[in-house]
Amino acid sequence: MDFLDILSFLFWPAVIIGFFVFFARRRKKSGHPATDKEWYLQFALSKEDAVSQFFLLLSVFFLGVTLLAFNKDLGDPFSWRTILFITSALSLVSAYYFKALYPLAFGLIAITTWWGEQAEAWIQGKDVATSAIFAGLAFVALLFYLLGHLHEREIKWKRFALVYLVLGIISITGALFFFSSKPGLSVLEEMTKGVSFFGSWQITLSLFIFFVSLAGVSLYTVAKKLVSPFEFLAVLLLTLLFGVIALLPQQSMFLGAGNYYSFYSGGQELSSSGVLWAIIFNFAVFFELLGLIFSGYLRRETWLINLGAFFLFLLIIVKYFDWFFTFLDKSIFFIGAGILLVAVGWFMEKGRRMMISSIKAQTQQIPQ
């Protein structure tokens with residue numbers, strides 16, 4: 001994978017983030033904090049702001065391509081990963097200097113991608129289990145979540161906080177969601193093949209830095225009451241979970257012999273280890289989503305409630321198909337699925353409206 005492939009790969013996460021923010025923001029023309037309490041949900045406060053941020057992001061892309069071209073003309077003295085690191089670092093610097101969200105989102109995704117690709121280069125030829133790389137990326141996502149709340153201290157960084165929070169929440173939720181399925185467990189089985197991450201001092205040092213950073217930022221945010229003890233506990237438990245995954249010996253998730261993707265052609269029965277990890281990940285993603293909704297209620301953040309409710313609804317539907325499709329007659333299955341969709345959708349929408357109404361009522365009682 002070269003630098004241009006990385007740029008094209010990073011395009012889609014940026015589109016997803018933009019999609020989320022577009023639908024999450026309030027439909028008000030004014031973006032000033034004095035007139036809109038959720039002004040920070042907008043990626044651009046005006047058309048002029050959007051255009052200026054877009055051109056700033058475009059300049060970062062052009063800078064990366066230019067550096068790549070110069071590097072090639074000079075005989076490739078630097079790897080494409082170094083060019084990616086320089087580009088992402090400059091994107092983050094420009095984002096903070098100009099208070100621009102587009103370069104911030106790109107820079108965070110790019111720097112995370114850089115570490116993932118660099119970690120793969122570190123373990124080449126060493127037979128180190130790739131579960132260590134996943135743990136490192138998960139630590140980064142948790143760090144993004146904490147840094148998001150850290151940015152909420154000052155109103156000028158409120159929109160930056162949203163970028164960090166969305167990246168952290170979607171990454172952690174997506175990972176837990178994926179590993180709660182059979183394909184995810186099969187990938188986890190493959191990731192645990194190899195020696196411990198201690199076989200690469202670079203990976204070991206990286207994980208140590210991520211862990212220390214997580215511990216430091218967690219203690220600081222909870223001491224400053226930027227996160228609740230409940231959120232602190234959730235981050236701690238997820239950190240332990242991903243840390244255990246990095247230390248896992250080779251796992252056997254399925255019974256019997258079979259190739260890597262054999263579950264796609266009829267499936268395989270889970271082993272005792274597979275059942276254990278399926279239970280752990282299913283419980284983890286379920287309570288993580290409930291925690292998001294509860295956190296949104298405590299913080300009076302409607303976008304957090306909506307995001308948690310959407311992912312929880314999606315989880316329930318996916319698990320229904322995953323658990324009952326092979327056990328029921330197809331007609332009974334789809335009738336039951338329709339009833340479940342209506343019932344779950346009604347209860348979740350009613351609960352969401354009640355919580356949002358309560359938040360708005362409490363907000364109106366606060367003196368301006």
Side-chain angles (χ1 to χ4, degrees), residues 108-109 111-113 115-116 119 123 128-152 161 163-180 184-185 187-188 191-192 196-198 200-249 251 273 276-295 298-299 304 307-308 311:
L108 293 177
I109 297 173
I111 200 72
T112 305
T113 304
W115 184 84
I123 66 175
V128 175
T130 55
S131 57
I133 300 178
F134 166 74
L137 295 174
F139 286 166
V140 171
L142 289 172
L143 195 58
F144 282 169
Y145 178 78
L146 294 173
L147 289 175
H149 288 305
L150 196 62
H151 280 74
E152 290 180 331
V163 176
Y164 280 98
L165 289 172
V166 169
L167 280 176
I169 290 172
I170 290 181
S171 299
I172 294 299
T173 303
L176 294 176
F177 199 110
F178 177 67
F179 286 114
S180 68
L185 291 175
V187 172
L188 181 61
M191 290 197 311
T192 57
S196 169
F197 62 84
F198 292 110
S200 170
W201 69 266
Q202 298 98 328
I203 297 291
T204 304
L205 180 61
S206 296
L207 292 181
F208 176 76
I209 293 174
F210 292 155
F211 182 80
V212 171
S213 301
L214 260 176
V217 177
S218 298
L219 293 174
Y220 181 82
T221 52
V222 75
K224 294 295 182 179
K225 297 183 178 180
L226 299 174
V227 297
S228 65
F230 165 78
E231 291 173 301
F232 173 76
L233 178 62
V235 171
L236 177 62
L237 291 176
L238 287 173
T239 302
L240 292 177
L241 173 62
F242 297 132
V244 168
I245 291 176
L247 295 169
L248 280 178
Q251 299 291 297
S273 297
L276 175 63
W277 282 107
I279 293 174
I280 291 174
F281 281 115
N282 277 279
F283 271 96
V285 68
F286 180 73
F287 285 106
E288 186 251 353
L289 294 178
L290 287 181
L292 282 182
I293 299 175
F294 182 67
S295 176
L298 292 179
R299 294 177 177 277
L304 198 55
L307 182 64
F311 279 130

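The first residue of the sequence shown is numbered 1, and numbering continues consecutively from there.
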Worksheet item: What are the two closest non-hydrogen atoms of Asn282 and Ser180, and how far apart are they?
Response: ND2-O, 3.3 Å

Item to complete: Taking all heavy atoms of Ala246 and all of Ala132, pick out the closest pair and write down the distance.
Response: CB-CA, 4.2 Å

Discussion item. If you compare all heavy atoms of Pro249 against all heavy atoms of Thr192, which two are closest, and at what distance to 0.1 Å?
Written reply: O-CB, 3.5 Å

Discussion item. Which residues pass the side-chain contact (heavy atoms from CB on, under 4.5 Å) test with Leu247, not counting sequence neighbours?
Written reply: Phe197, Phe198

Item to complete: Look at the side chain of Ser171 and the backbone N and O of Ala141, then say whether any donor-acceptor pair between them is shorter than 3.5 Å.
Response: no

Item to complete: List for me each residue that meets salt bridge (Lys or Arg N to Asp or Glu O under 4.0 Å) alongside Glu288, sequence neighbours excluded, and say none if there are none.
Response: none

Worksheet, complete the sentence: Sorted by chain and residue number, the side chain to side chain donor-acceptor pair (under 3.5 Å) partners of Glu152 (sequence neighbours excluded) come out as His149

Discussion item. So, using side-chain contact (heavy atoms from CB on, under 4.5 Å) as the criterion, who are the partners of Leu290 when residues are at least two apart?
Written reply: Phe286, Phe287, Leu312

Item to complete: Quick one: pull up CG in Leu143 and OG1 in Thr239 and give me the separation to the nearest 0.5 Å.
Response: 9.5 Å

Discussion item. Please determine whether side chain to side chain contact (heavy atoms under 4.5 Å, CB included) holds for the pair Leu289 and Ile293, giving the CA-CA distance in whole Å, both sets of side-chain angles, and the decisive distance to 0.1 Å.
Written reply: CA-CA 6 Å; Leu289 294 178; Ile293 299 175; 5.8 Å; no

Worksheet item: Can you name the nearest heavy-atom pair linking Leu142 to Val235, along with the distance?
Response: CD1-O, 4.2 Å

Item to complete: Heavy atoms only: give me the nearest Ile203-Ala119 pair and the separation to one decimal.
Response: CD1-CB, 3.5 Å

Worksheet item: Ser206: what forms a side chain to side chain donor-acceptor pair (under 3.5 Å) with it, not counting sequence neighbours?
Response: Trp115

Discussion item. Could you work out, with side chain to side chain donor-acceptor pair (under 3.5 Å) as the rule, every residue matching Tyr164, not counting sequence neighbours?
Written reply: Tyr96

Worksheet item: Given side chains that start at C-beta, do those of Leu188 and Phe281 come closer than 4.5 Å, heavy atoms only?
Response: yes

Worksheet entry | Closest contact, heavy atoms only, Leu146 versus Val217 | CB-CG1, 3.6 Å

Discussion item. Walk me through whether Ser295 and Leu304 qualify under side chain to side chain contact (heavy atoms under 4.5 Å, CB included).
Written reply: CA-CA 8 Å; Ser295 176; Leu304 198 55; 3.7 Å; yes

Fill in: Minimum side-chain heavy-atom gap Tyr220-Leu150 below 4.5 Å
yes

Item to complete: Measure the spacing between OH of Tyr145 and CG of Leu165 and express it to the nearest 0.5 Å.
Response: 6.5 Å

Fill in: Sequence neighbours excluded - ring-ring contact (aromatic ring centres under 6.0 Å, His included) pairs with any residue from residues 224-247
Phe134-Phe242, Phe230-Phe294

Practice prompt. Dump the intermediate steps for side chain to side chain contact (heavy atoms under 4.5 Å, CB included) on Val166 and Leu307, then the final yes or no.
Written response: CA-CA 10 Å; Val166 169; Leu307 182 64; 5.6 Å; no

Worksheet entry | Within residues 231-245 or reaching into it, pairs that qualify as salt bridge (Lys or Arg N to Asp or Glu O under 4.0 Å) - sequence neighbours excluded | Glu231-Arg299

Discussion item. Show, in sequence, the C-alpha distance, side-chain angles and deciding distance for Phe208 and Thr204, and conclude whether the side chain to side chain contact (heavy atoms under 4.5 Å, CB included) test is met.
Written reply: CA-CA 6 Å; Phe208 176 76; Thr204 304; 5.6 Å; no

Item to complete: Could I get the full list of side-chain contact (heavy atoms from CB on, under 4.5 Å) partners for Ile280, not counting sequence neighbours?
Response: Leu241, Leu276, Trp277

Worksheet item: In Å, rounded to the nearest 0.5 Å, how long is the span from CZ of Phe144 to CD1 of Ile172?
Response: 10.5 Å

Item to complete: Not counting sequence neighbours, which residues clear side chain to side chain donor-acceptor pair (under 3.5 Å) with Ser213? List them please.
Response: none

